[in-house]
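Have a look at the structure below before the remarks.
Throughout, a chain's letter reflects where its sequence line sits, starting with A, and its residues are numbered from 1.
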Amino acid sequence: MSPEEERIKVPERSPEERVNDFHEVPLGYTPEQAMEEAQRCLECAKSPCIGGCPVEIDIPKFVKQIADGEFQEALETLKEFNCIPAITGRVCPQEEQCEEVCVMGNVGDPINIGKLERFVADYARENDLEETPEIEETKEERVAIVGSGPSGVTCAAMLAQNGYQVTIFEALHEPGGVLKYGIPEFRLPNDVIDHELEYLDELGVEMRMNRIVGQNIELKELKDEHDAIYVATGAGSPRFLGFEGEDLKGVYSANEFLTRINLMKAYKFPEYDTPITDMEKVGVIGAGNVAMDAARSALRMGAESHILYRRTTEWSPARDEEVEHAKQEGVQFDTLCNPKKFKGDEDGWLEEIVLYECELEEPGEDGRPSPTVLEDTEHSEEFDTAVIAIGQQPNKVFYENAEGVDVKEWGGIIIDEDTRMTTEEGVFAGGDAVSGAATVILAMGDGREAAKSIMEYLE
Amino acid sequence: MHKITEKERMNEEMTRIEVEAPLVAKKIKPGQFIVIRMHEKGERIPLTLYKKDEEEGTIQMIFQKVGKSTHELDTYEEGDEILDVVGPMGTAAEIKDYGTVVCIGGGVGTPEVFPLAKALKEAGNEVIVVSGFRTKDLVICEPEIEQDACVDELHITTDDGSYGREGFTSHVLEELIESDKEIDLVHAVGPPIMMKVIADITEPHDIPTRVSLNSIMLDATGMCGSCRVEVGGDMKLACVDGPEFDAHEVNFEELMQRITMFEEKEEEALERWKEEHGGCCQ
């Protein structure tokens with residue numbers, strides 16, 4: 001490849017250094033690097049990147065603005081579509097979205113759209129660029145948003161920009177939802193999240209913490225005080241495996257493991273009060289992004305860290321970048337490996353995980369090969385900690401107490417595909433609470449679509 | 001922020017605080033609990049409700065100094081503020097006229113029995129409270145249960161016999177059963193071993209029995225699974241499915257194992273805290 005066909009490399013901290021702390025891994029572009037990378041854009045006529053983006057950011061426009069050194073303008077372009085670019089620039093799977101369809105990809109590396117997005121947001125934060133948006137004429141209608149994760153804040157921002165009176169109800173003591181409790185700081189620093197959420201404050205969005213809709217405040221109460229409601233409660237409930245020994249000490253759900261470490265900062269125990277158990281060897285069951293986050297967190301807690309996965313790494317649902325980072329840092333990938341049982345000592349502590357080898361069948365309809373367990377391959381391996389990262393599901397606290405809102409058997413909220421309204425008049429829903437567990441950006445896309453629907457509904 | 005409007009050291013282990021929390025006061029029912037976080041670096045601590053005053057917008061809790069956080073909470077004085085007070089959490093106890101109900105409180109479980117006994121009495125039940133403590137100096141809530149909750153009988157036990165009956169709450173329950181007292185419901189709140197013993201006593205007599213579990217919780221909103229416990233062969237979350245369960249269905253062995261998970265860490269934190277606050281924890 002000639003130089004212009006190659007991406008400008010993003011500086012990263014070395015694996016040896018970063019595995020010792022929870023600070024961020026990629027360092028981001030300098031202004032010069034960002035301009036150079038942006039100048040690689042062909043400014044093609046079709047701009048397929050826009051269609052590849054779930055929130056339809058005008059990518060060619062902001063990339064051109066970076067190329068021209070117009071960072072303030074680039075920020076304004078981004079914010080028009082996306083209220084939290086510093087976050088999506090870090091956690092979006094760009095390689096499957098905007099960058100996958102980038103025309104430049106046909107002749108070389110696609111434009112590094114994600115890192116450019118991140119650059120603009122970081123540059124704005126570090127240089128105090130003006131981020132306060134213009135608000136359309138103020139309207140009287142009040143909208144309640146349930147949940148302050150990516151879907152909720154996106155919907156809130158768009159409605160507030162359009163003049164609506166918006167209040168977010170968040171169950172935990174801090175805003176951000178999965179961005180805060182789930183995604184570790186080495187991938188998404190909390191101060192970056194907090195800065196991005198300040199934007200909502202500037203838009204006049206009210207945030208109420210510790211409000212658990214369905215638990216200490218009823219949906220009906222929200223309905224009485226608001227003209228429309230957007231439910232973005234996410235998929236915050238852990239799935240368990242249901243096999244023997246899951247109740248042993250040392251066995252965590254990924255949610256518990258990550259919430260202790262991220263939200264409650266157990267990695268700073270005892271400076272922070274919330275503890276996590278000491279760990280020497282951690283087995284993370286699953287191979288998605290959450291599993292990578294858990295495995296890499298375990299390394300940083302000083303443990304030997306293993307991914308236990310039934311398929312081979314190429315079938316991992318995690319982003320390539322996450323798998324790559326995990327490998328660089330020393331996470332061991334035990335693939336074609338199916339855990340079946342946890343064994344404990346007499347005090348109830350995890351001691352061993354019973355594993356079986358697997359082989360892969362031909363890919364099925366979903367394009368993924370299903371693993372077959374080889375019966376005579378049972379063996380045990382010592383682990384003092386296990387993290388179950390096999391997915392999350394919607395939290396029933398909302399839907400079991402939300403009169404009129406129907407859900408599917410697994411708890412996903414049923415919505416009308418066109419109006420995005422639930423079975424209850426004036427109550428809309430989106431994000432993981434509807435889809436199960438997907439990505440930050442898809443949840444944000446839902447938030448935008450829901451905001452449009454809510455505006456139509458309120459007109 | 002939630003201001004502490006009253007504080008009383010009831011004895012060397014237990015402290016009562018009253019805090020401003022109008023939303024909680026308005027909604028909380030017997031059987032439900034509260035989560036507090038003292039400050040930015042604090043953990044989320046589940047506490048049970050003792051009293052509430054809807055008009056004043058306050059709630060009262062009695063806690064026992066066990067780990068670092070409760071020792072620290074004990075240093076908070078009237079006028080100090082607690083960062084987060086969240087609730088009500090969990091499901092409310094079913095209050096109706098059962099007939100005769102025996103409410104059993106062990107140690108710091110007794111304050112939780114107070115609103116429960118009161119509500120059950122108001123619902124028309126004959127209410128017998130059995131409340132157990134290690135020793136005389138630790139006995140709390142006696143006049144409140146007797147006079148405010150207006151229960152029909154109150155039996156206090158102490159392990160060392162220094163006050164009330166010598167022995168455990170279970171001994172009183174056994175005697176009540178032996179005396180052919182018709183008991184329609186037993187509700188026990190206390191250490192897991194006490195609740196297990198109570199469950200074992202009532203099961204052969206087919207007396208419906210409820211227990212309020214003190215599992216380890218993190219968020220207490222059904223998000224982490226830390227409080228998972230086997231009830232009737234299924235995995236339940238004490239924070240949102242409970243904290244009350246049918247005592248005869250609970251796997252107490254599992255519960256007793258799991259609540260020790262962070263013991264070592266808790267000791268470490270307490271030791272460190274005591275070193276830093278030399279001698280001020282009395």
*Where does Gln392(A) contact chain B at under 4.5 Å (heavy atoms): side chain, backbone, both or neither?*
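Neither part, no heavy atoms under 4.5 Å.
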
*Heavy-atom distances under 4.5 Å only: say whether Lys268(A) touches chain B with side chain, backbone, both or neither.*
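Interface part for Lys268(A): neither.
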
*Could you tell me which non-hydrogen atom of Pro270(A) sits nearest to which non-hydrogen atom of Arg272(B), and how far apart they are?*
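Looks like CG-CD, 3.3 Å.
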
*Measure across Ser226(B) and Arg260(A) and return the closest heavy-atom pair with its distance rounded to 0.1 Å.*
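Nearest heavy atoms, Ser226(B) then Arg260(A): OG-NH2, 3.7 Å.
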
Most heavy-atom pairs under 4.5 angstrom with chain A, which of [options]?
options: Ser69(B), Ala269(B), Pro88(B), Gly67(B); result: Pro88(B)
options: Arg37(B), Glu230(B), Lys26(B); result: Arg37(B)
options: Glu254(B), Arg228(B), Gln32(B); result: Arg228(B)

Atom [atom1] of residue position [X] - does it have more than 12 heavy atoms of other residues, nucleotides or ligands inside 6.0 Å?
X: Glu280(A); atom1: CD; result: no
X: Lys29(B); atom1: NZ; result: no
X: Glu244(A); atom1: CD; result: no
X: Lys265(A); atom1: NZ; result: yes
X: Glu271(A); atom1: CD; result: yes

*Residues of residues 40-55 of chain B near chain A, each having a heavy atom less than 4.5 Å away*: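 Within residues 40-55 of chain B, near chain A: Glu40(B), Lys41(B), Gly42(B), Glu43(B), Arg44(B).
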
_Please output the residues of residues 214-222 of chain B in contact with chain A, using a heavy-atom cutoff of under 4.5 Å, in numerical order._
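Residues of residues 214-222 of chain B touching chain A at under 4.5 Å: Ile216(B), Leu218(B), Asp219(B), Thr221(B), Gly222(B).
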
Does any non-hydrogen side-chain atom of [Y] lie less than 4.5 Å from one of [X]?
X: Asp278(A); Y: Glu264(B); value: yes
X: His173(A); Y: Val35(B); value: no
X: His39(B); Y: Asp273(A); value: yes

Given heavy-atom pairs under 4.5 angstrom as the criterion, report whether the side chain, backbone, both or neither of [X] touches chain A.
X: Glu72(B); result: side chain
X: Leu83(B); result: neither
X: Met235(B); result: side chain

*asked:* If we define contacts as heavy-atom pairs under 4.5 Å, which of Leu263(A), Leu258(A), Val251(A) has the most with chain B?
replied: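 Ranked by contacts with chain B, first place is Val251(A).
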
_Would the distance check show the side chain of Arg258(B) and the main-chain N or O of Asp247(A) forming a donor-acceptor pair, the cut-off being under 3.5 Å?_
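Yes: the side chain of Arg258(B) pairs with the backbone of Asp247(A).
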
Working to the nearest 0.5 angstrom, can you tell me the gap between [X] [atom1] and [Y] [atom2]?
X: Lys265(B); Y: Ile276(A); atom1: NZ; atom2: CD1; value: 9.5 Å
X: Asp84(B); Y: Glu174(A); atom1: CG; atom2: CD; value: 9.0 Å
X: Cys224(B); Y: Phe257(A); atom1: SG; atom2: CZ; value: 13.5 Å

*Apply the test side-chain contact (heavy atoms from CB on, under 4.5 Å) to residues Leu248(A) and Gln257(B): give CA-CA distance (whole Å), side-chain angles for both, the deciding distance (0.1 Å), then the verdict.*
CA-CA 8 Å; Leu248(A) 288 168; Gln257(B) 289 274 16; over 6 Å; no

*Can you pull out the residues in residues 211-225 of chain A with any heavy atom less than 4.5 Å from chain B?*
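Those residues of residues 211-225 of chain A which have a heavy atom under 4.5 Å from chain B are Arg211(A), Ile212(A), Gln215(A), Asn216(A), Ile217(A), Glu218(A), Glu221(A).
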
Report, one line per pair, each donor and acceptor closer than 3.5 Å where one atom sits in a side chain of residues 339-350 of chain A; sequence neighbours left out.
{"residue": "Asp345(A)", "atom": "OD1", "partner": "Asp347(A)", "partner atom": "N", "Å": "2.9"}
{"residue": "Asp345(A)", "atom": "OD1", "partner": "Gly348(A)", "partner atom": "N", "Å": "3.1"}
{"residue": "Asp345(A)", "atom": "OD1", "partner": "Trp349(A)", "partner atom": "N", "Å": "2.9"}

